[in-house]
Chemist: 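Structure below; questions to follow.
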Amino acid sequence: MANYNTVIAPVTCPRCGAPVNAEIEVRFGDTSKFGTFKIGDRVPWVAGRLEKNGGRPEGGNLDGDGYMECPICRKDSFLTVCVRDDAI
């Protein structure tokens, strides 16, 4: 089982169009503690590691893959989660 962090964010479900407060699974940053974050929080990076292994990307900027399941329609979707200057 892979470790992941969770981003809680308001989104419009790409499948049903409902506005939801989504739990988005992301596999970047330090995932060892299964952190929960919201928009504006800083991503904890793993020092000395490559970006694909949780390390900090250049400039602290990343467009990462996110996975969610809509709490309304129960369908899954993939989203892009943007990190700029180390903040979600």
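What you see is a predicted model, and the numbers here were worked out from it, not measured in a lab.
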Chemist: May I ask you to check whether over 12 heavy atoms, not counting those of Glu69, lie within 6.0 Å of atom CD?
Modeler: yes
Chemist: Quick check: closest heavy atoms across Arg42 and Asp85, and the distance to 0.1 Å?
Modeler: NH1-O, 3.4 Å
Chemist: Less than 4.5 Å apart, any side-chain heavy atom of Arg84 and any of Asp63?
Modeler: yes
Chemist: Please find the pair of heavy atoms, one from Thr12 and one from Gly17, that lie closest to each other, and give the distance.
Modeler: CG2-O, 3.4 Å
Chemist: Any salt bridge between Arg56 and Asp30, counting N to O under 4.0 Å?
Modeler: no
Chemist: Answer whether the closest heavy-atom distance between the side chains of Asn5 and Thr31 falls below 4.5 Å.
Modeler: yes
Chemist: Are Tyr67 and Val83 joined in one hydrophobic group, where the rule is that I, L, V, M, F, W and Y side chains link up if heavy atoms are under 4.5 Å apart?
Modeler: no
Chemist: So that I can tick it off, tell me whether Arg15 and Asp76 are bridged by a salt bridge, with the cut-off set at under 4.0 angstrom between side-chain N and carboxylate O.
Modeler: yes
Chemist: Show the nearest heavy-atom pair for residues Leu79 and Met68, with the distance to one decimal.
Modeler: CD1-SD, 3.6 Å
Chemist: Find out whether Val81 and Phe28 are in side-chain contact, i.e. whether some heavy atom of one side chain is under 4.5 Å from a heavy atom of the other.
Modeler: yes
Chemist: Just do the side chain to side chain contact (heavy atoms under 4.5 Å, CB included) check on Lys75 and Cys70 with the steps written out, would you?
Modeler: CA-CA 6 Å; Lys75 294 183 180 175; Cys70 177; 5.5 Å; no
Chemist: Would you say the side chain of Val46 lies within less than 4.5 Å of the side chain of Asn53, judging by non-hydrogen atoms?
Modeler: no
Chemist: Rounded to the nearest 0.5 Å, how far does SG of Cys16 lie from CZ of Arg74?
Modeler: 11.0 Å
Chemist: Give the minimum heavy-atom separation between Ala9 and Ile24, together with the two atoms involved.
Modeler: CB-CD1, 4.2 Å
Chemist: If I compare all heavy atoms of Asn21 with all of Pro10, which pair ends up nearest, and what's the gap?
Modeler: OD1-N, 3.6 Å
Chemist: Just so I know, are the side chains of Thr6 and Phe34 near enough to count as touching, which here means a heavy-atom distance under 4.5 Å?
Modeler: no
Chemist: With a 4.5 Å cut-off on side-chain heavy atoms, are Trp45 and Leu62 touching?
Modeler: yes
